[in-house]
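Heads up: the structure comes next, in structure tokens.
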Amino acid sequence: QVQLVESGGGLVQPGGSLRLSCAASGNRFSINSMHWYRQAPGKQRELVATITSAGSTNYADSVKGRFTISRDNAKNTVYLQMNSLKPEDTAVYYCGADWRYRDTTRFGTDWGQGTQVTVSS
């Protein structure tokens with residue numbers, strides 16, 4: 001119902017930086033909080049960062065001080081600036097959006113297809 005498309009992943013050396021983007025689209029939906037989460041093979045899914053419609057943010061302990069989540073409400077786009085990357089940051093990164101169908105009480109959360117981030121020498 002709400003379409004989410006991530007971009008910006010790739011291969012980077014330890015200590016490097018990447019900036020991920022995710023654009024949300026859909027007819028007659030209001031987007032509330034937006035999220036980034038990640039999953040690596042053999043590991044459980046981890047919620048990385050959340051940003052509310054008012055701009056409040058929360059981060060996983062593993063990325064505090066290194067990652068920054070932001071959003072452009074006019075474009076329904078969320079970003080994740082990743083600095084000082086470590087090999088353990090290697091994962092598929094997904095964005096999610098909490099939505100409400102306008103003028104109704106119907107709501108839910110949708111997720112994108114993901115973008116690969118690889119941190120390696």
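- Under a hydrophobic clustering in which Ile, Leu, Val, Met, Phe, Trp and Tyr are joined whenever their side-chain heavy atoms come within less than 4.5 Å, directly or via other members, Met34 and Tyr59 fall into the same cluster.
- Taken from SG in Cys22 to CG in Asn76, the straight-line distance is 10.0 Å, to the nearest 0.5 Å.
- Rounding to the nearest 0.5 Å places CG of Leu4 at 7.5 Å from OG of Ser25.
- Ring pair Phe67/Trp36: centre-to-centre distance not below 6.0 Å.
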Practice problem: Please assess Gln81 against Ser70 for the test side chain to side chain donor-acceptor pair (under 3.5 Å), listing each intermediate value before the final yes or no. | Solution: CA-CA 8 Å; Gln81 178 67 47; Ser70 60; over 6 Å; no
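- Note on ring orientation: taking the six-membered ring where Trp is involved, the planes of Tyr37 and Tyr94 are parallel (angle under 30°, cut-offs 30° and 60°).
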- Begin with the C-alpha distance, continue with both residues' side-chain angles, and end with the deciding distance and a verdict on side chain to side chain donor-acceptor pair (under 3.5 Å) for Ser17 and Asn83. CA-CA 4 Å; Ser17 298; Asn83 298 327; 2.9 Å; yes
I'd like to know whether Ile51 forms a side chain to side chain contact (heavy atoms under 4.5 Å, CB included) with Val78, so could you lay out the CA-CA distance, the side-chain angles of the two residues, the decisive distance to 0.1 Å, and finally the verdict.
CA-CA 9 Å; Ile51 185 166; Val78 63; 4.1 Å; yes
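- Comment: Lys64 engages Asp61 in a salt bridge, judged by a side-chain N to carboxylate O separation of less than 4.0 angstrom.
- Shown here for Ser33 and Arg71, the closest heavy-atom pair between the two residues is CA-NH1, 4.0 Å.
- Residues Ala97 and Ile31 come closest through the heavy atom pair CB-CG2, 3.9 Å.
- Within 6.0 Å of CD on Gln113 lie no more than 12 heavy atoms contributed by other residues, nucleotides or ligands.
- Heavy-atom contacts from other residues, nucleotides or ligands closer than 6.0 Å to CZ of Arg19 number more than 12.
- Between the side chains of Trp99 and Asp110, at least one donor N or O sits under 3.5 Å from an acceptor N or O.
- Linking Ile, Leu, Val, Met, Phe, Trp and Tyr whenever their side-chain heavy atoms come within less than 4.5 Å leaves Met82 and Tyr79 in two separate clusters.
- By the rule that hydrophobic residues join a cluster once side-chain heavy atoms approach within less than 4.5 Å of another member, Leu47 and Val63 end up as members of separate clusters.
- No side-chain N or O of Thr50 forms a donor-acceptor pair with one of Asn58 less than 3.5 Å apart.
- Checking Ser120 against Gln13 by side-chain atom types alone, no donor-acceptor pair falls below 3.5 Å.
- Shown here for Glu46 and Ala60, the closest heavy-atom pair between the two residues is OE2-CB, 3.7 Å.
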Going through the checks in order, is the side chain to side chain contact (heavy atoms under 4.5 Å, CB included) test met by Arg28 and Tyr101? CA-CA 6 Å; Arg28 289 180 286 277; Tyr101 199 71; 3.5 Å; yes
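- Across every non-hydrogen atom of Val117 and Leu18, the tightest pair is CG1-CD1, 3.9 Å.
- Remark: the backbone N or O of Ala24 is not paired with any side-chain donor or acceptor of Gln3 at under 3.5 angstrom.
- Looking at Thr90, its side chain never comes within 3.5 Å of a backbone N or O of Thr118 through a donor-acceptor pair.
- Contact check for Glu88 versus Val119: no side-chain heavy atoms found under the 4.5 Å cut-off.
- Annotation: cation-pi geometry not satisfied between Arg100 and Phe29 (NZ/CZ under 6.0 angstrom from ring centroid, within 45° of ring axis).
- Of all heavy-atom pairs between Gln116 and Ala91, the closest is NE2-O, 3.4 Å.
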Margin query: Please determine whether side chain to side chain donor-acceptor pair (under 3.5 Å) holds for the pair Ser53 and Asn32, giving the CA-CA distance in whole Å, both sets of side-chain angles, and the decisive distance to 0.1 Å.
Written below: CA-CA 5 Å; Ser53 59; Asn32 298 314; 5.1 Å; no
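- A salt bridge links Arg66 and Asp89; the closest N-O separation between the charged side-chain nitrogens and carboxylate oxygens is under 4.0 Å.
- Separating the NE2 atom in His35 from the OG1 atom in Thr109 is a distance of 5.5 Å, to the nearest 0.5 Å.
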